[in-house]
Peer 1: 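So that we are looking at the same thing, I have put the structure below in structure tokens.
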Amino acid sequence: MALEQEIGCAAGTCLGCVVDGAGGPVRVCREGPVFAAGELDWGTDR
Amino acid sequence: MKAKRRVVPGAPKPQRTPTIRRVRPAIRPVGSKPVVPSSPGAPPSSAASASSSSSPAPSSPAPSSPVVDAIGGRPVSLEVDLGRGLVLANPVIAASGPFGYGVEVAELVDLARLGGLVTRGTTLKPRAGNAGPRTAEVAAGLLVGVGLQNPGIDAVLERYAPAWARWRVPVIVNLCGESSGDLVDIVRRLEGVPGVAGVELNLSCTNARGGGVAFGLDAEASRSLVSAVRRATDLPLIAKVTAAAADVRAVARACEEAGADAISAINTLPGLALAADRTGPALGSVYGGICGPALKPVALRVVFEVAQAVDVPVIGIGGVATIDDVLDLLAVGAAAVGVGVAAFADPMLPVRLADELADACRARGVGDVADLVGTAQPKRLSPPSTRGAEYAR
């Protein structure tokens, strides 16, 4: 899954682009933007 | 001038050995001798390594080493003493937020050249933060509603403090809590941890017992919070006040009297932006904090007022994006200046501003940056802004 998100700093510091991951919040700019489907929490809408 | 009203609450404690190594100035000219640090407790102005050409200090001995540095100017002393052994190599610090815990940008930015680094807001327990969107662009700034996402103080210290201890830059941990009990718990854990140079208390966090109103809006709530934390720690303690307070001077004074070593001003201001279709707010958290150049006039006003109200150093924060912003904040009385959201767009900005500040001192023939502090302060105390000065006449 390639995610799009509004990104503040693109360095992993501002936490503006986080989405719910399977194990807690993940940063699209740092842990992503490409995730395995199982890495994401599909239950909520961030 | 003003009467000294420093009150040390509680029983007198033995003076703590400073945790901060005397760090060398980031902008030491090549080939010159290192700046000799001032003795502890001495006013920062005594740290001048060389007298400037325009205002020679008769008491200081003439510099024995080269008086001309690599780029042909005189060496400039940029050191700032925030008290309790917290000495910054230069007045430019990374304000809380943009650099996270520092490790995120350590490979990108030469952190050692910063005066200091303030971590993102940290709480006792882990916090997941707000639902998105968390940022929205507004005119001349950014609206941010992260919601204090952080792994909690224990995880922060375990993961990041070892790195902080290796760095030359003093790391100041920004703390948020809903009660003085929370904050006392946190600072007890920080005591004696290598790499923690000081704490900054975010007075804008919500007071759980105060009906959901931020501590920093009320002088007495701020006083009791700061004094509780002061009793629990000997670390350098900075109180971060908010411009949302009706009388920020009273809040700053209360913090000083309660034992704060420095005041930082200001935090973001609460704001609102709408989603593009106007069916609701842009941010998941509804409200956000306004960052960026939009804040600068507010920051200038608050630093101007706070610097008149207290004798401790003031750290000016709000809308800093250029060297002129740095010089403006110094002129209204800030001893140090924090760079916030502008470091998102350009992570190198804080370090570059420190360089440019040294250049600005040289260009003005100033040997010590302290000479640029407070030049726009009034000769007499000016009335507080809350009177509505523009309508007074």
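Within every chain, numbering begins at 1; the chains are lettered A, B, ... in the order of the sequence lines, protein sequences first and strands thereafter. In this text the structure is predicted, and so the values were computed from the model without any measurement.
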Peer 1: Determine yes or no for a side-chain-to-main-chain donor-acceptor pair under 3.5 angstrom, with A:Thr13 supplying the side chain and B:Pro98 the backbone.
Peer 2: yes
Peer 1: Between B:Ala128 and A:Pro25, which heavy-atom pair has the shortest distance, and what is it?
Peer 2: O-CG, 4.1 Å
Peer 1: Compare every heavy atom of B:Phe344 with every heavy atom of A:Gly8, then report the nearest pair and how far apart it is.
Peer 2: O-CB, 3.9 Å
Peer 1: Give a yes or no answer on whether the side chain of B:Arg134 reaches the backbone of A:Val18 with a donor-acceptor pair at less than 3.5 Å.
Peer 2: no
Peer 1: Do A:Arg27 and B:Gln149 come close enough that some side-chain heavy atom pair is under 4.5 Å?
Peer 2: no
Peer 1: At their closest point, which heavy atom of A:Cys14 faces which heavy atom of B:Val146, and how far apart are they?
Peer 2: O-CG2, 3.3 Å
Peer 1: With rounding to the nearest 0.5 angstrom, report the CG to CD distance, B:Leu142 to A:Glu6.
Peer 2: 9.0 Å
Peer 1: Report the distance from atom CG of A:Leu15 to atom CG of B:Leu148, rounding to the nearest 0.5 Å.
Peer 2: 10.5 Å
